[in-house]
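Everything on this sheet refers to the single structure shown next.
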Amino acid sequence: MKIYIDFDDVICETARAFSQIAKDLFDIDVPYREVQFFNLQKTFDLNDLQYYELMKEGHLPKTLLAYEETPKASEIINQWIDAGHEVLVITGRPFDCYIPSRQWLDEHNLERVPLFCVDKYGRENHIDNSSFNMTLSELYKLSFDFVIEDSPNAFEHVMHFENCKVAVFDRPWNRNTTLPNRNFVRCRDWDEINCLFNTLGRD
């Protein structure tokens with residue numbers, strides 16, 4: 001099977017890190033469990049300059065490399081690869097975050113997983129002749145059997161994949177979101193994601 005896995009808050013704990021960054025930079029204390037919006041500017045009630053500073057700090061190489069792995073992510077992903085499945089990490093991170101993001105994957109025993117930066121949220125332009133950059137139109141031409149996403153803003157993109165099961169990683173900012181259809185299944189952790197994956201082909 002072909003598997004699409006988002007990066008932030010699926011294989012690493014990005015929102016938890018941003019909660020600490022907002023506290024350190026601006027003395028704004030919004031615990032992870034209270035991160036109600038995927039839009040962090042709205043979550044932390046930041047002005048444009050503060051939001052710029054937050055995102056700059058959160059995407060520095062040293063910051064990216066320090067993000068904690070989501071429990072059991074690499075273990076289960078490697079089980080799938082060992083079983084012959086094809087896994088791709090599809091991230092909406094800025095394109096200039098590719099090198100530290102690639103390093104993070106390698107350091108967490110995910111060196112076999114290709115990484116692609118896709119402008120999921122309309123923030124960047126395409127980089128020509130890049131081996132790691134993919135446009136949305138190029139993404140839509142691919143097919144996947146299984147997707148793992150946490151962002152409600154990305155649901156519209158994965159709906160382009162026909163007959164694809166989508167594991168929605170349960171996070172505070174998506175709990176009030178109505179899932180698009182029954183192909184989308186909420187999962188609390190990687191064990192539940194793996195259980196859902198193992199049901200594919202049995203339905």
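Throughout, numbering of the chain's residues begins at 1 and tracks the sequence. These numbers were taken from a predicted model, which means no experiment stands behind them.
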What do the steps show when you test Phe197 against His85 for ring-ring contact (aromatic ring centres under 6.0 Å, His included), and what is the final call? CA-CA 11 Å; Phe197 178 76; His85 301 292; 5.0 Å; yes

Those residues at least two apart in sequence (or on a different chain) that pass side chain to side chain donor-acceptor pair (under 3.5 Å) with Asn181 are none

Heavy atoms only: give me the nearest Asn176-Gln36 pair and the separation to one decimal. ND2-OE1, 4.2 Å

Identify, with sequence neighbours excluded, every residue that meets salt bridge (charged side-chain N to carboxylate O under 4.0 Å, His left out) alongside Asp191. Lys72

Just jot down the side chain to side chain donor-acceptor pair (under 3.5 Å) partners of Ser74, sequence neighbours excluded, or say none. Glu69

Decide whether Phe26 and Tyr52 are clustered together by the hydrophobic rule: side chain heavy atoms of Ile, Leu, Val, Met, Phe, Trp, Tyr closer than 4.5 Å, transitively. no

Under the side-chain contact (heavy atoms from CB on, under 4.5 Å) criterion, do Ser19 and Val35 qualify, and how do the steps go? CA-CA 8 Å; Ser19 291; Val35 177; 3.7 Å; yes

Residues forming a side chain to side chain donor-acceptor pair (under 3.5 Å) with Trp104, sequence neighbours excluded: none

Under the criterion salt bridge (Lys or Arg N to Asp or Glu O under 4.0 Å), I'd like the reasoning laid out for Lys165 against Asp145: C-alpha separation, chi angles, the key distance, then a yes or no. CA-CA 6 Å; Lys165 186 70 76 175; Asp145 303 292; over 6 Å; no

Derivation and outcome, side-chain contact (heavy atoms from CB on, under 4.5 Å), residues Leu139 and Phe116: CA-CA 10 Å; Leu139 178 67; Phe116 293 96; over 6 Å; no

Leu60, Leu65: one ILVMFWY side-chain cluster at the under-4.5 Å cut-off? no

Using salt bridge (charged side-chain N to carboxylate O under 4.0 Å, His left out) as the criterion, list what pairs up with Arg188, not counting sequence neighbours. Glu192

Do we get Arg93 above Phe7's six-membered ring, with its NZ or CZ under 6.0 Å from the centre and within 45° of the axis? yes

When every non-hydrogen atom of Leu54 is compared with those of Leu40, the smallest separation belongs to CD2-CB, 4.2 Å

On a heavy-atom basis, which atom in Ile76 and which in Trp190 lie closest, and how many Å separate them? CD1-O, 3.3 Å

For Asp27, all residues meeting salt bridge (charged side-chain N to carboxylate O under 4.0 Å, His left out), sequence neighbours excluded: none

